[in-house]
Amino acid sequence: MTLTGMMLIGAESHRGRNGEIHAIDPSTGAKLEPAFGGGGTAEVDRACQLAWDAFDRFRETAPEDRAVFLEAVARNILDLGDALIVRAMAESGLPRARLEGERGRTVGQLRLFAAVVREGSWIGARIDPALPERAPLPRPDLRQRRIPLGPVAVFGASNFPLAFSVAGGDTASAFAAGCPVVVKAHSAHPGTSELVGRAVQAAVAECGLPEGVFSLIFGAGSSVGTALVADPRIKAVGFTGSRRGGVALMEVAAKRPEPIPVYAEMSSINPVFLLPAALAARAEALGRGFVASLTMGAGQFCTNPGILLAVDGPDLDRFVAAAVEALGGSAAPTMLTPGIHAAFDAGVAALAGNALVATLARGLDGDGPNRCRAALFATTADAFLDDPALREEVFGAASLLIRCPDLESLRAVAERLDGQLTATLHMDAADTGAAAVLLPTLERKAGRILANGWPTGVEVCHAMVHGGPFPATSDGRTTSVGTAAIERFLRPVCYQDIPADLLPQALRDGNPLGLWRRFDGALGRH
Ligand SMILES: NC(=O)C1=CN([C@@H]2O[C@H](COP(=O)(O)OP(=O)(O)OC[C@H]3O[C@@H](n4cnc5c(N)ncnc54)[C@H](O)[C@@H]3O)[C@@H](O)[C@H]2O)C=CC1
Ligand SMILES: O=C(O)CCC(=O)C(=O)O
């Protein structure tokens, strides 16, 4: 498929006239062709109108039809073949194996949501039949189901050009819920976005759905994204990116005459606690495992282990020696964009220049632009507690070790942390008491708590939580990965004494969709 540089507004291709966006190959710094025309308010308006026009029909598609649509999107992405991988490699600097894996995850995610839509428990059907004889007052017939919120604005993420972008988790979960989607492509990978966008656009047509189910808009800077979130026909937002960008969009959404939910996944430093017995038993293996997790993908994961906490002593010194050796020999991969690389270098320079922080190790330097030279720093618990700058995310392969005098100080530092996507415990049986003391704090701080693993690598499944209190996300009640992500785009409606032939299929007597329903309190297929 030849790239055109055009936006996809419903069924049409449309060249934007608001400036040009060129992807940059971060491994060479070279501009990639073609130029992508930027959109403006006219394109946002048209896409939102089409999405609104499509909403009532799309939301009432039968579960089977929506599942078939999700599967068609998945198939069309695979049919793009190697051209998709080649373009994504050029635009992101990510290696082939990573992008092939990410494509598998993207397609698997769409198919998993197809299965969720068919299974139907997301509808949340509840029926409390009328009790006309109840005294002192009769009970009316009450039936509840969940309906989609409306058109959703999705912002593609720079660090996952496939799995968190045009047809990534936000889009898949919004489609599954029955929401049309308007995507604001990330300017770092417009070509990948156009390719995937055409796969989605074709699936909409193949499935006979209204064209406004999907649009894709380009735009450098903040104006297109702001206009999209401000548009009254948009009813929710999915975002993965910087804290600054996410907070700006939260403000736009909150100031609308009708405020809407923003599901923004932003910054997280993902604390890792190295408890004493685990350190004593395997300090060197932990040091090597930590560096492998830290440097994977140039550290460009929001689950990257950005701080380590441990009680100071000879076992921690063994851990540090192994980590310093592994990190000192680590290669310098290309980062996603010149901007992300510049932000990484600035974050590392700020830590290196902090009088209370020691530089323990730097990775190897690399040839070529935008290379990520990994970094490991150390500080004390007191310094960490005093200086809020030390709690900020440095996006990339940089981590800060906090040497604590004792377990009580470790807990005090944990208590001071901001909201996190993950918190990790490395522990042995003898650490159970210390872990039990930390656990209530970690539950309050993080969306996912792991033992004896590393936070990078998020399973797409039913039990996953990829979320957490602010600033990890804008709304810690939800997840952006896994099937529970569908919940973000639904709201309950109760039908009181509504005549049978006006009721939605999901709530009719006889259970025509064969759903699990809560009938008079009892869950079953009735
Ligand atoms: N924690 C995480 O998961 C991630 C964090 N980052 C951080 O973000 C920095 C910049 O990376 P980007 O991916 O470009 O994130 P970004 O937040 O700058 O941009 C993401 C998307 O939001 C839009 N956007 C940003 N600010 C906006 C505003 N004020 N109004 C309207 N739209 C806006 C952008 O146009 C883009 O489409 C990185 O250096 C890194 O520090 C980036 C990716 C993931
Ligand atoms: O899914 C993963 O492995 C990490 C997710 C992540 O880094 C992100 O959400 O930006």
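One-based numbering, in listed order, for ligands and for the atoms of each. Index from 1, following the sequence.
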Pairing donors with acceptors under 3.5 angstrom, does anything connect the side chains of [X] and [Y]?
X      : Y      : answer
Ser27  : Asp25  : yes
Ser13  : Arg198 : yes
Thr303 : Thr422 : no

Which atoms of ligand 1 sit under 4.0 Å from any heavy atom of [X]?
X      : answer
Cys302 : 1 (N), 2 (C), 3 (O)
Thr226 : 30 (N), 31 (C)
Asn159 : 44 (C)

Of the listed options [options], closest to [atom] (non-hydrogen atoms):
atom                    : options                        : answer
atom 11 (O) of ligand 1 : Leu421, Leu249, Ile340, Val394 : Ile340
atom 1 (O) of ligand 2  : Glu459, Arg105, Met296, His466 : Arg105
atom 20 (C) of ligand 1 : Phe160, Phe155, Phe239         : Phe239

Once you restrict to heavy atoms under 4.0 Å, what part of [X] touches ligand 1? Side chain, backbone, both or neither.
X      : result
Lys184 : side chain
Ser222 : both
Phe344 : neither
Ser242 : both
Glu393 : side chain

Worksheet item: Under 3.5 Å between some N or O of ligand 1 and some N or O of His186?
Response: yes

Nearest atoms (heavy-atom pairs only) where [X] meets [Y]:
X      : Y      : result
Asp170 : Gly238 : OD2-C, 3.4 Å
Ala11  : Glu211 : N-OE1, 2.8 Å
Ala167 : Thr106 : O-CG2, 3.4 Å

Worksheet item: Can we call the ring centroids of Phe69 and Phe175 under 6.0 Å apart?
Response: yes

Practice prompt. Hey, can you tell me if Phe160 and Phe164 have their rings parallel, tilted or perpendicular (30° and 60° cut-offs)?
Written response: tilted

Worksheet entry | Closest protein heavy atom to atom 1 (N) of ligand 1, given as residue, atom name and distance to 0.1 Å | Met266 O, 2.4 Å

Worksheet item: Taking heavy atoms and a distance under 4.0 Å, where does Thr456 meet ligand 2: side chain, backbone, both or neither?
Response: neither

Worksheet item: Applying a 4.0 Å heavy-atom criterion (strictly less than), which segment of Val481 is in contact with ligand 2: side chain, backbone, both, or neither?
Response: neither

Worksheet item: So, are Glu102 and Arg98 salt-bridged, with charged N and O less than 4.0 Å apart?
Response: yes

